[in-house]
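To keep things clear, I will list the structure first and then write my remarks on it.
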Amino acid sequence: MSRAARGIPALAAAAILLCSGCSRRIWYEWKDEPYMQPVYAGGTAEATRYASSPYASDRDIGLRVLSVMAKEARESGDEKEARRIANLIMERYWVETSEHVRSTIVAVCMRNAGRGDAAAEAFLKNRLAAGEEAVSAAYALAALKAPGSGPAIQEAFSRTRDYGRKYEFLEALWLLGGPPARQAYDEALSRIANWPRKIHHMPKSVYRKTMESRRRTLGKVETP
Amino acid sequence: MAGRVVMAMSVLAVAASAGCVREWSVPPVGTADALCHIVTEEESGPIVLVVLGRGGECNDRLLGTRQIALETAKNVKGSTAIFSWQTAEDACEWVRREALKRRRRGETARLGLIGHSWGGDVSSRMATRFMREDTVDEITLYVTLDAITQGFVKCGAETALSMLLLEGVLPHRLPLMAFRNTPAPDGKKLKRHINYYQVDSTHLHGYHIPTATENHEVWFDRGHEIGHGNMDNFIIPLVVEDMRRALGGGGQ
């Protein structure tokens, strides 16, 4: 191999490392909680400042920290503060330009901040019905065990023609348990032949095995 | 003379060995430090062990994996602990002690094992060891969350092919990068393995594990992924529910 040819892999490696280093996100994902800690230590004011940052990644951090603060406020009995933060997070949703951050708000922040909060549950049900961040809303509703979630997610499952979303709605229904979940899984598995060759990046053999395993665990210890 | 030398050498060897024995130095139940937090300890019921990844600390209240341990303790009546990957030996010792308590009472020692990131690799080695040494009667459920090979050099070497040659052309389509050193469920010693993974977060081992009972690609709306370090936050309820259904209810 000539000297120049040997240099090509080294140059490629250096270029990739250089590009990776320029992307804040590649390190960001690895150091998630360490990035959140100083914001959390700075209190609500610092988290609110982050939530208004021009950088989407900072807004993501600020909103998640705020949601943890809302959860802790609720656990310590400060319902008023918890609702204030939950409302603030919901308001941020409407002005948020990043789809990723909107998904984080619905899937993670509302789940933390919205327990037992009727306004938060209504917000999530509206997202599900409108098809906006619907998968994230379904997961959050299932995690919160919000009343009426089962039929709402089942309806979304039947309505959507996107099999990727159908698969995710099934997961949310599994989390919730009960008759709507069993019904939806039975329906999906009976028509599995019509499902696509791949969902997300999963071949049919993989996602079918997973769905069958999920169905088997439905009905086990369903009442906490 | 020779006899004296042998004796002196034996004394030295014993002293050296004693110095090498690690002390059991985990904090008391309910007290968290960065490397370990034993959340609950019971005389009976399932044992749940959570192994953290590289950046995680057991006393970080923002950490999703820690929340998984705390929520599992609320939902599964038994012993639950969370250990850093750095304290794997202490974690194994804790499991051994908990299993022994149950066996003395004539109970089956059942384990729920969870590993995130580097903790996924460490926990897979633990699972193999527990089965080989018969530490527990069964691993009822093993859950991996974005499992990654422990160590920058080893991980980098394993994924260099993907990173440098193929990932640009065939992004996220590389089954050869799947995390393959986990033990396969046999239905007896290891009942089930559930693997949650992402393909975008690290480009490292983002693929389904062929031997797992369930593979879940963690997916946001429009195909977004939440990121390696935050995935555990997103799937807390799913993992807790997995454990609750596999090991039975109860809890704090």
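In what follows, chains are A, B, ... by sequence order, proteins preceding strands, each numbered from 1. Computed from a prediction, not measured in an experiment: that's the story for all the values here.
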On a heavy-atom basis, which atom in B:Pro210 and which in A:Lys209 lie closest, and how many Å separate them? O-NZ, 4.2 Å
For B:Asp242, all residues meeting salt bridge (Lys or Arg N to Asp or Glu O under 4.0 Å), sequence neighbours excluded: A:Arg214
Among A:Ala143, A:Ala107, A:Ser136, A:Ser205, which has the most heavy-atom pairs under 4.5 Å with chain B? A:Ser136
Heavy-atom cut-off 4.5 Å, strictly under: side chain, backbone, both or neither for A:Glu133 against chain B? both
Passes side chain to side chain contact (heavy atoms under 4.5 Å, CB included), A:Lys71 versus B:Gln67? Steps please. CA-CA 12 Å; A:Lys71 185 181 168 197; B:Gln67 293 302 320; 3.4 Å; yes
Evaluate A:Val68 against B:Arg61 for side chain to side chain contact (heavy atoms under 4.5 Å, CB included), listing each step before the verdict. CA-CA 9 Å; A:Val68 172; B:Arg61 60 173 63 197; 5.6 Å; no
B:Trp219 six-ring face occupied by A:Arg165 cation (under 6.0 Å, within 45°): no
Count the heavy-atom pairs under 4.5 Å between each of B:Asn233, B:Ile194, B:Ile236 and chain A, then report the option with the highest count. B:Asn233
Smallest separation among heavy atoms of A:Ser213 and B:Thr213, with atom names: OG-CG2, 3.9 Å
Can you tell if the side chain of A:Trp174 reaches within under 4.5 Å of the side chain of B:Arg245, non-hydrogen atoms only? yes
Closest contact, heavy atoms only, B:Asp221 versus A:Ala134: OD1-N, 3.2 Å
Within the 4.5 Å heavy-atom criterion, are A:Gln37 and B:Asp60 side-chain neighbours or not? yes
Considering only heavy atoms, which portion of A:Tyr139 lies under 4.5 Å from any heavy atom of chain B: side chain, backbone, both, or neither? side chain
If I take atom CD from residue B:Glu214 and atom CD from residue A:Glu212, how far apart are they, to the nearest 0.5 angstrom? 10.5 Å
For residues B:Asn215 and A:Tyr207, determine if any side-chain heavy atom of one lies less than 4.5 Å from a side-chain heavy atom of the other. no
Cut-off 4.5 Å, heavy atoms of chain B, and the answer for A:Glu72 is side chain
Testing the basics here: between B:Glu217 and A:His201, what is the closest heavy-atom pair and its distance to 0.1 Å? OE2-ND1, 2.7 Å
Rounded to the nearest 0.5 Å, what separation is found between the CD atom of B:Glu241 and the CG atom of A:Leu176? 9.0 Å
Could you check whether any side-chain heavy atom of B:His208 comes within less than 4.5 Å of a side-chain heavy atom of A:Met202, counting everything from C-beta outward? no
Note: A:His100 and B:Phe220 closest approach over all heavy atoms is O-CE2, 4.2 Å
